[in-house]
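Here's the structure, in structure tokens; my notes come after.
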Amino acid sequence: MNLLLIGTNITTGGAQRVLLDLAGWFFKQGIDVTAGFFYDRDGLLSEWQAQYPFDLVCMDAWRQSDNALQRGLRLIKGWFKLLKLMREEKFSGVLTFTHDSNILGLPAAWLAGIPKRYGSHHVRYPSLSKLKIRLHNWIVNSRIASGLIAVSTFTKAQAMEEGVKPEKIKIIFNGIDLADFSTAKNEAHQSKLRKEPDTLIVLSVGRLVEQKGHEFLIRSAPAVVSNRPEVAFYIAGDGPLKDSLNALIASLGITDNFHLLGNRKDVPELLGEADLFVLPSIYEGLPISLLEAMAAGLPVICTDIPAARDVIEDGVSGRLVPPKDVEALASAIVDLLSDQEKRNILAKNAEKRVKTAFSLDHMGQSYLSLFEE
């Protein structure tokens with residue numbers, strides 16, 4: 001078996017994380033696997049090629065500095081580069097990630113004669129145009145695609161709402177490598193976040209973009225701090241909203257209690273120090289950072305978005321609060337920070353839930369079965 005996994009861009013994100021983890025899992029099973037991307041947005045190609053044991057290639061199909069004509073020509077050139085790769089390597093299966101890579105990669109795989117051609121649906125972003133949705137539906141519903149993988153019941157519902165035929169859709173939940181996070185609480189390392197022994201650490205992980213809802217976590221912080229002054233909030237991640245979020249933190253007078261950490265490569269260690277994890281997203285496909293926090297043995301609070309309901313049973317394996325509801329979020333944080341026993345119960349149930357349904361092995365076996373059918 002020789003597989004090709006195709007993502008849109010080389011950057012830090014949930015879909016990219018799933019692609020790389022899945023490629024690594026296939027590689028460990030002795031399967032020939034290549035990870036391909038249409039462009040390198042963050043200049044990480046060389047770093048990733050040195051980090052991962054499988055082949056990793058970039059089509060160089062887009063550059064920010066190009067004008068409209070240059071972008072069109074570069075995209076065409078990159079697409080033909082992908083088609084050439086597919087024909088030369090004679091892959092037995094291809095899996096594309098996100099709408100853009102589905103639209104570009106699946107027709108190329110069909111023309112190259114690859115027998116198994118699956119797209120995936122991680123979430124529909126509000127910026128996705130109606131034209132792209134129509135084109136995507138036509139490709140997925142036709143013989144060009146063998147099927148579409150939805151990563152949650154929510155993304156399956158989204159795909160059907162867009163017009164994808166239900167019989168073309170199969171759900172395979174995202175999964176994570178439990179070994180990276182299950183021992184996070186037990187590893188001894190120098191404290192990176194806890195300034196005082198009694199500090200209570202609330203952690204969130206995600207790109208600093210509107211989708212992640214960090215504004216509402218920040219706005220909830222003053223009420224939490226007034227009740228529990230020993231609390232310290234941290235967000236690991238970077239993005240275009242960094243300056244505006246820092247300004248909001250300053251305007252609320254909580255600079256001593258709220259900190260933006262930027263992109264971090266030591267997230268498992270940070271999770272190991274935290275007392276509580278919060279994901280205040282407005283929408284998600286199936287959030288990887290939430291699974292990681294649960295696997296690390298943390299109690300979690302998440303906004304009550306459809307994708308979270310696949311993972312969390314409210315009051316059993318975590319807490320769900322309405323999106324954008326600052327008061328409800330602050331109340332939930334204070335409640336859990338004030339009750340160690342409740343945090344322990346939620347954390348234990350959360351860890352069990354992830355191990356049961358959201359492991360990398362579980363996800364990998366599901367995709368392997370798909371390609372072996």
Side-chain angles (χ1 to χ4, degrees), residues 1-10 14-38 48-49 52-59 61 78-122 136-152 155-156 159 164-165 167-175 177 285-286 359-373:
M1 188 180 296
N2 186 10
L3 301 178
L4 173 63
L5 310 186
I6 305 173
T8 305
N9 63 82
I10 298 178
Q16 288 84 355
R17 178 64 184 275
V18 174
L19 188 158
L20 294 170
D21 283 352
L22 184 58
W25 187 89
F26 282 133
F27 183 83
K28 289 181 180 178
Q29 312 312 308
I31 297 170
D32 290 332
V33 60
T34 299
F37 294 88
F38 282 99
W48 284 11
Q49 286 175 329
Y52 295 101
F54 46 82
D55 289 338
L56 200 151
V57 297
C58 180
M59 309 308 147
W79 187 85
F80 276 102
K81 181 178 179 180
L82 174 64
L83 182 62
K84 182 174 183 286
L85 172 70
M86 289 177 168
R87 285 175 169 167
E88 288 178 349
E89 296 295 328
K90 295 181 170 53
F91 296 103
S92 55
V94 64
L95 175 64
T96 55
F97 290 69
T98 75
H99 285 72
D100 285 338
S101 59
N102 295 344
I103 291 170
L104 294 170
L106 292 175
W110 178 65
L111 288 172
I114 296 176
K116 297 293 182 71
R117 306 173 299 276
Y118 288 94
S120 61
H121 194 303
H122 290 256
H136 183 264
N137 290 343
W138 178 77
I139 290 171
V140 172
N141 288 331
S142 72
R143 295 170 60 187
I144 292 173
S146 302
L148 182 73
I149 307 304
V151 301
S152 65
T155 57
K156 178 180 179 178
V164 178
K165 297 175 182 178
E167 61 268 24
K168 297 283 287 195
I169 307 172
K170 179 181 177 65
I171 295 177
I172 298 179
F173 289 139
N174 286 339
D177 189 346
L286 196 140
S359 70
L360 177 58
D361 281 338
H362 191 277
M363 177 179 69
Q365 289 290 352
S366 297
Y367 278 106
L368 183 58
S369 297
L370 192 72
F371 285 114
E372 288 180 338
E373 287 179 353

Atom pairs and distances, side-chain donor-acceptor, residues 365-373, under 3.5 Å, sequence neighbours left out:
from: Ser366; atom 1: OG; to: His362; atom 2: O; distance (Å): 3.0
from: Ser369; atom 1: OG; to: Gln365; atom 2: O; distance (Å): 2.9

TODO: Over all heavy atoms of both residues, which pair between Phe54 and Ala23 is shortest? Give the atoms and the distance, please.
DONE: CZ-CB, 3.6 Å
Task: Minimum-distance pair of heavy atoms, taken over all atoms of Ser152 and Gly285 - done: OG-O, 2.9 Å
Open item on the list: Working note: Ile6 + Met86, criterion side chain to side chain contact (heavy atoms under 4.5 Å, CB included); need CA distance, chi angles, decisive distance, verdict.
Closed with: CA-CA 11 Å; Ile6 305 173; Met86 289 177 168; 3.5 Å; yes
Task: Selection residues 24-35 - residue pairs positive for side-chain hydrogen bond (donor to acceptor under 3.5 Å, both in side chains), sequence neighbours left out - done: Trp25-Asp361
Task: Pairs flagged by side-chain hydrogen bond (donor to acceptor under 3.5 Å, both in side chains) wherever residues 109-122 is involved - sequence neighbours left out - done: Ser120-His122, His121-Glu162
- [ ] Please name the pair of heavy atoms, one in Pro107 and one in Ile139, separated by the smallest distance, quoted to 0.1 Å.
- [x] CG-CD1, 3.8 Å
TODO: List for me each residue that meets side-chain hydrogen bond (donor to acceptor under 3.5 Å, both in side chains) alongside Asp21, sequence neighbours excluded, and say none if there are none.
DONE: Arg17
Task: All salt bridge (charged side-chain N to carboxylate O under 4.0 Å, His left out) counterparts of Arg87, not counting sequence neighbours - done: none
Task: Non-neighbouring partners of Asn174 that pass side-chain hydrogen bond (donor to acceptor under 3.5 Å, both in side chains), sequence neighbours left out - done: none
Task: From Asn102 atom CG to Ile144 atom CD1, the distance as rounded to the nearest 0.5 Å - done: 12.0 Å
Task: Non-hydrogen side-chain atoms of Leu20 and Leu56 separated by less than 4.5 Å - done: yes
Task: Donor-acceptor contact below 3.5 Å, side chain Ser92 vs main chain Asn2 - done: yes
Task: Heavy-atom side-chain proximity of Val33 to Leu5 below 4.5 angstrom - done: yes
Task: Distance (rounded to the nearest 0.5 Å) between Ile169 CD1 and Ile172 CD1 - done: 13.0 Å
Task: Atom pair CH2/CD1 of Trp79 and Ile103 - distance to nearest 0.5 Å - done: 13.5 Å
Open item on the list: To the closest 0.5 Å, what do you measure between CG (Leu95) and CZ (Phe26)?
Closed with: 7.5 Å
Task: For Leu106 against Ala145, the heavy-atom pair lying closest together - done: CD1-CB, 4.0 Å
TODO: Mind listing the closest non-hydrogen atom pair of Gly78 and Ala61 along with its distance?
DONE: CA-CB, 4.0 Å
TODO: Count the heavy atoms of every other residue, nucleotide or ligand shown that sit under 6.0 Å from NZ of Lys168, and state whether that count exceeds 12.
DONE: yes
Task: Gln16 side-chain N/O to Ile10 backbone N/O, donor-acceptor pair under 3.5 Å - done: no
Task: Contact summary for Ala15 and Thr98, nearest pair of heavy atoms - done: CB-CG2, 4.2 Å
- [ ] With the side chain counted from C-beta on, respond yes when Leu82 and Leu104 share a heavy-atom pair under 4.5 Å apart, and no when they do not.
- [x] no
Open item on the list: Could you measure the distance from the CG atom of Leu148 to the CG atom of Asn141? Nearest 0.5 Å is fine.
Closed with: 9.0 Å
